[in-house]
Peer 1: 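Got a structure for you, questions after.
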There are 2 protein chains.
Amino acid sequence: MNTLAEENYLKSIYHLSLNDVNVSTNQIAAALNTKAASVTDMLKKLADKALINYAKYQGVTLTAAGEKIALHIIRKHRLWEYFLVEKLHFKWDEVHEMAEEMEHISSIELIDRLDKFMDYPKHDPHGDPIPDRNGNFKKYELKPIAALNVNENGIISGVRDHSPAFLQYLEKQQLTIGKKIKVTEIIDYDLSMILQVEQTEIHISREVAKNLLIAI
Amino acid sequence: MNTLAEENYLKSIYHLSLNDVNVSTNQIAAALNTKAASVTDMLKKLADKALINYAKYQGVTLTAAGEKIALHIIRKHRLWEYFLVEKLHFKWDEVHEMAEEMEHISSIELIDRLDKFMDYPKHDPHGDPIPDRNGNFKKYELKPIAALNVNENGIISGVRDHSPAFLQYLEKQQLTIGKKIKVTEIIDYDLSMILQVEQTEIHISREVAKNLLIAI
DNA sequence: TAAAAAGTTTAGACTTGTCTAAAAAAATAA
DNA sequence: TTATTTTTTTAGACAAGTCTAAACTTTTTA
């Protein structure tokens, strides 16, 4: 098995890979709240284990083996988040830190039984897909509300920002997963948007519109 | 918070304290599968943190602060074991290793909610008491079946040996928690015992009789 | 396209927790 | 009660993962 530190590096590299093909040392350092020099050391270890492709100064990509491990950790993280919200009734902005610890529990059998216990959920409380035991999941397309035009609509299906502050704001505005929204107006001046959500109109900034995702 | 290693030392010292008031360096080393020299190093650290009372060559006892931490870890361990057996349907001999990892998840709120989710169980799957959030639990008296005389009876309520091999043996013999047993005969030669359990008679060795506990 | 800036790696050090080997203390035995 | 054995501690070393400071690449800018 891999160490806790190795698992966290692989997970970070996976997440960063979704935005950039090659992930840089500094990006990883920022994500893990560590220093670039520490990252370089770890990249060498991960490359020795054939979990990443690494060439000095060129950034890294995950190998198939590395991606498999990353996806397994992400599966565990999201299943535990689902458990915390659905079974223990935590709020969606409270579960990330706990799941950061729980994702490192090693037993595969445990996580498969947890999956079954919850009846094989497809998404975590933030709308992110939960990989199956082989690491597969549907890469359904989401886009930010900011990409919509007036009179277009969609169903809230995910968030780009997972910070408690953002999630709490959404909760308060009733902008939660599954809600149907329609853009009724876009303000020229600041590109903020007015949404129709159920019976009410909600005014959101462009910042929020960029971080709130809908299914197409 | 304390490190994983510190938590494991405190837990071991707590368990060993149940048999001996002062716990020796070698006992701890054996329990943690480490060397006496490593134990000495850690004992200094724990003493510096005022979690144990330590005088060179004299063995250790837990301070109130150390015992509180130990009991909290044991609470977490036993609640997770209960979860694994009752909710995920693992067998009682399969859960120890998983709980060894899960007991280090730090959130107190999480464990309190888990406790509530399972309706505040009083004992783990092996019959060991689950401390409440303040570390309190009823120290009800158990004694080994080996202490019984012919025609005396009791209810199986715990085990002294938690090894999978022993637990699997008990499971196969239907000697599980809650079963009512009565001693029908004690063989002079080897002190093995014949028990009446429900409709059948079961012959157990003295070794087993010493490790299987009943409520008085 | 040369100089400056930004990003990355190396070198050497530190912490945690572990180890072996040797020294010291305590317990046991003759 | 001295000698032997057992237990414990100390000394010094090591691996993992991190850090700072300095050196080296790459990218950007003028």
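Chain letters run A, B, ... following the sequence lines, proteins first and then strands; every chain starts at 1. Because the structure is predicted, anything quoted here is derived from the model rather than measured.
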Peer 1: Go through the structure and list residues passing salt bridge (Lys or Arg N to Asp or Glu O under 4.0 Å) with Asp93(A), not counting sequence neighbours.
Peer 2: none
Peer 1: Checking side-chain contact (heavy atoms from CB on, under 4.5 Å) against Phe90(B), which of Lys87(B), Glu94(B), Glu86(B) comes through?
Peer 2: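 Testing each of Lys87(B), Glu94(B), Glu86(B) against Phe90(B), the sole residue satisfying side-chain contact (heavy atoms from CB on, under 4.5 Å) is Glu94(B).
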Peer 1: What is the 5' to 3' range of DNA chain C, first to last nucleotide, that sits under 4.0 Å from any heavy atom of chain B?
Peer 2: dT16(C) to dA26(C)
Peer 1: Using the test ring-ring contact (aromatic ring centres under 6.0 Å, His included), find all partners of His15(A) that sit at least two apart in sequence or belong to another chain.
Peer 2: none
Peer 1: Over how many whole Å does the gap from Asn2(A) atom CG to dA16(D) atom P extend?
Peer 2: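 To the nearest whole Å, that distance equals 13 Å.
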Peer 1: According to ring-ring contact (aromatic ring centres under 6.0 Å, His included), who are the partners of His96(A), at least two apart in sequence or on a separate chain?
Peer 2: His77(A)
Peer 1: Extract from the structure each pairing of a protein N or O with an N or O of nucleotides 1-5 of chain D at less than 3.5 Å, listing the distance.
Peer 2:
none

Peer 1: Under 4.0 Å, heavy atom to any atom of DNA chain D: which of residues 39-59 of chain B qualify?
Peer 2: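 Under 4.0 Å from DNA chain D: Thr40(B), Lys44(B), Tyr54(B), Lys56(B), Tyr57(B).
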Peer 1: Between Thr34(B) and Ala30(B), is there a donor-acceptor pair closer than 3.5 Å when you use the side chain of the first and the backbone of the second?
Peer 2: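 No; judged by distance alone, with no hydrogens or angles, the pair does not exist.
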Peer 1: If only side-chain N and O atoms count, and only distance matters, is there a donor-acceptor pair under 3.5 Å linking His126(A) with Glu81(A)?
Peer 2: yes
Peer 1: Any chance the side chains of Ser24(B) and Asn26(B) put a donor and an acceptor closer than 3.5 Å?
Peer 2: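 Ser24(B) vs Asn26(B): no donor-acceptor pair found between side chains.
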Peer 1: With Glu185(A), which residues qualify under salt bridge (Lys or Arg N to Asp or Glu O under 4.0 Å), at least two apart?
Peer 2: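 Counting only residues at least two positions away or on another chain, Glu185(A) forms no salt bridge (Lys or Arg N to Asp or Glu O under 4.0 Å).
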Peer 1: What residue pairs, at least two apart or across chains, pass side-chain hydrogen bond (donor to acceptor under 3.5 Å, both in side chains) with a residue in residues 54-69 of chain A?
Peer 2: Asn53(A)-Thr61(A)
Peer 1: Is there any salt bridge (Lys or Arg N to Asp or Glu O under 4.0 Å) pair reaching into residues 31-49 of chain A, and which pairs are they, with sequence neighbours excluded?
Peer 2: Glu6(A)-Lys49(A)
Peer 1: Output all residues satisfying ring-ring contact (aromatic ring centres under 6.0 Å, His included) with Tyr9(A), sequence neighbours left out; order by chain, then residue number.
Peer 2: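 Tyr9(A): no ring-ring contact (aromatic ring centres under 6.0 Å, His included) contacts found.
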Peer 1: Report which part of the nucleic acid Ala37(A) touches: base, sugar-phosphate, or nothing (heavy-atom distance under 4.0 Å, all strands).
Peer 2: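 Base contact.
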Peer 1: Mind checking what makes salt bridge (Lys or Arg N to Asp or Glu O under 4.0 Å) contact with Arg75(B), not counting sequence neighbours?
Peer 2: Asp112(B), Asp115(B)
Peer 1: At a heavy-atom distance below 4.0 Å, what parts of residues 9-35 of chain A sit against DNA chain C?
Peer 2: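 Ser24(A), Thr25(A), Asn26(A), in order of number.
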Peer 1: Under 3.5 Å, is there a donor on one side chain and an acceptor on the other for Glu171(A) and Thr176(A)?
Peer 2: no
